[in-house]
Number of protein chains: 2
Amino acid sequence: METTATTADTCAGPEPAARRPDGRDQYTISEVVAFTGLTAHTLRWYERIGLMPHIDRSHTGQRRYTNRDLDWLDLVGKLRLTGMPVAGMVRYAEMVREGDHTYTDRFELLEATRRDVRERIAELQDTLAVLDRKINFYADAGRALASERS
Amino acid sequence: METTATTADTCAGPEPAARRPDGRDQYTISEVVAFTGLTAHTLRWYERIGLMPHIDRSHTGQRRYTNRDLDWLDLVGKLRLTGMPVAGMVRYAEMVREGDHTYTDRFELLEATRRDVRERIAELQDTLAVLDRKINFYADAGRALASERS
DNA sequence: TAAAACCTTGGAGTGCACTCCAAGCAAGCG
DNA sequence: CGCTTGCTTGGAGTGCACTCCAAGGTTTTA
């Protein structure tokens, strides 16, 4: 059976399965699934679309991820929840592969992303204010109904 | 030609097209497009899926939106950018239509949404920190390259 | 050594939120 | 009155980000 994302990680299992030290950092795809919460499908898909660096293989062709790959996936995860489209992350990954001459471009992409994130936080705080007002309204209405009944 | 969303609203046009006072608040679909930034397609689609209250019609069957409808669309817009799925908003809309006995359910839905928003803000602030660190790294690298060249 | 669990591939399928289309009425202007 | 622009409908199409499948090879556990 293909390993699917165990999202409902009820109450901290036995161990968070710690990373191994650099040098002996060879993780199977299902270990990476456990680390990242992504599915194996998604990890393979990320590779197909060029979002991952080259991933090592065992002598029989199975993927062996490193700590560096895990770090990259952490960054991808963060960028993903900023709403950055996958295509943008692929562009960044390509620039990383292309080498040092892309430094300024990468810098600019990251700064643009930072601006977006700041903006999104502001929007959400705005929404939070609206929500608070509405929730207070409902709380008042609830109290009014309660006192009416008493 | 069907009116499409004028997203690139270059530098504040002539007037933000103010709302009319209650009583003479009858907006055509294209006016609502101008107010909300949604497309006419999307407004009609919202109606089909039950996300809107009943919308008045002119004697020939064209939609006539009110200030109240505009307020509702504002709320929908806010909820939309919290990442709330449309289905959740439809559920909320249904509860509003069902009347007063859904007050507590609505209250709970709003509170759950508020929790989500708070969480999302926290995640984004986390991401912002990562971004700041990376941006500083690139800035330092840039400076190093510059001084190397000098 | 045999069963069970895990990993491989390309390509097809899914769910969401729109997005567009064609054909035909409706409205405002000279 | 005719012309242009706007609004109507149901249903089909799009783009994104996965998500799953079948068939078969690999690794681990008993």
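Throughout, a chain's letter reflects where its sequence line sits, starting with A, and its residues are numbered from 1.
Atoms CD (Glu47(B)) and C1' (dT9(D)) sit 12 Å apart, rounded to a whole Å. In this structure, Met52(B) places its CE atom 16 Å from C1' of dC18(C), rounding to the nearest Å. Between Tyr27(B) atom OH and dC7(D) atom P there is a gap of 15 Å when expressed in whole angstrom units. As rounded to whole Å, 14 Å separates atom C1' of dT19(C) from atom CD1 of Ile29(B). Rounding to whole angstrom units, CE of residue Met89(B) and C1' of dC18(C) are separated by 12 Å. Protein atom NE2 of His41(A) is 9 Å distant from nucleotide atom C1' of dC21(D), rounded to whole Å.
Proximity of Tyr27(A) to Arg64(A): side-chain heavy atoms (C-beta onward) are nowhere separated by under 4.5 Å. Between Tyr46(B) and Leu38(B) there is a side-chain heavy-atom pair separated by less than 4.5 Å. Side-chain contact between Thr28(B) and Arg63(B) is absent, with no heavy atoms from C-beta onward closer than 4.5 Å.
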Could I get a table of every N or O pair under 3.5 Å where one atom is in the protein and the other is in nucleotides 27-30 of chain D?
| unit_1 | atom_1 | unit_2 | atom_2 | d |
| --- | --- | --- | --- | --- |
| dT27(D) | OP1 | Thr60(A) | OG1 | 2.5 |

Between the protein and nucleotides 10-17 of chain C, list the N/O to N/O atom pairs that are separated by less than 3.5 angstrom.
| unit_1 | atom_1 | unit_2 | atom_2 | d |
| --- | --- | --- | --- | --- |
| dA17(C) | OP1 | Val86(B) | N | 3.2 |

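Contact check, Thr28(B) against dG6(D): no side-chain N or O comes under 4.0 Å of OP1 or OP2. Phosphate contact (OP1/OP2 of dA26(C), side-chain N/O of Arg63(B), threshold under 4.0 Å): absent.
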Pair Val33(A)-Leu43(A), side chain to side chain contact (heavy atoms under 4.5 Å, CB included): steps then yes or no: CA-CA 8 Å; Val33(A) 165; Leu43(A) 286 166; 4.0 Å; yes
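When the shell of 6.0 Å around CZ of Arg57(B) is examined, it contains more than 12 heavy atoms from other residues, nucleotides or ligands.
Using a cut-off of 4.0 Å between Lys/Arg side-chain N and Asp/Glu carboxylate O, Arg114(A) and Asp132(B) are scored as salt-bridged. Using a cut-off of 4.0 Å between Lys/Arg side-chain N and Asp/Glu carboxylate O, Glu31(A) and Arg20(A) are scored as salt-bridged. Contact check on Glu111(B) versus Arg118(B) returns no salt bridge, with no Lys/Arg side-chain nitrogen under 4.0 Å from an Asp/Glu carboxylate oxygen.
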With a cut-off of 3.5 Å and sequence neighbours excluded, list every side-chain donor-acceptor pair involving residues 68-78 of chain A.
| unit_1 | atom_1 | unit_2 | atom_2 | d |
| --- | --- | --- | --- | --- |
| Asp69(A) | OD2 | Thr66(A) | N | 2.9 |
| Asp69(A) | OD2 | Thr66(A) | OG1 | 3.1 |
| Asp71(A) | OD1 | Arg19(A) | NH1 | 2.8 |
| Asp71(A) | OD1 | Arg19(A) | NH2 | 3.2 |
| Trp72(A) | NE1 | Leu51(A) | O | 2.7 |
| Asp74(A) | OD2 | Arg19(A) | NH2 | 3.4 |
| Lys78(A) | NZ | Asp126(B) | OD2 | 3.0 |

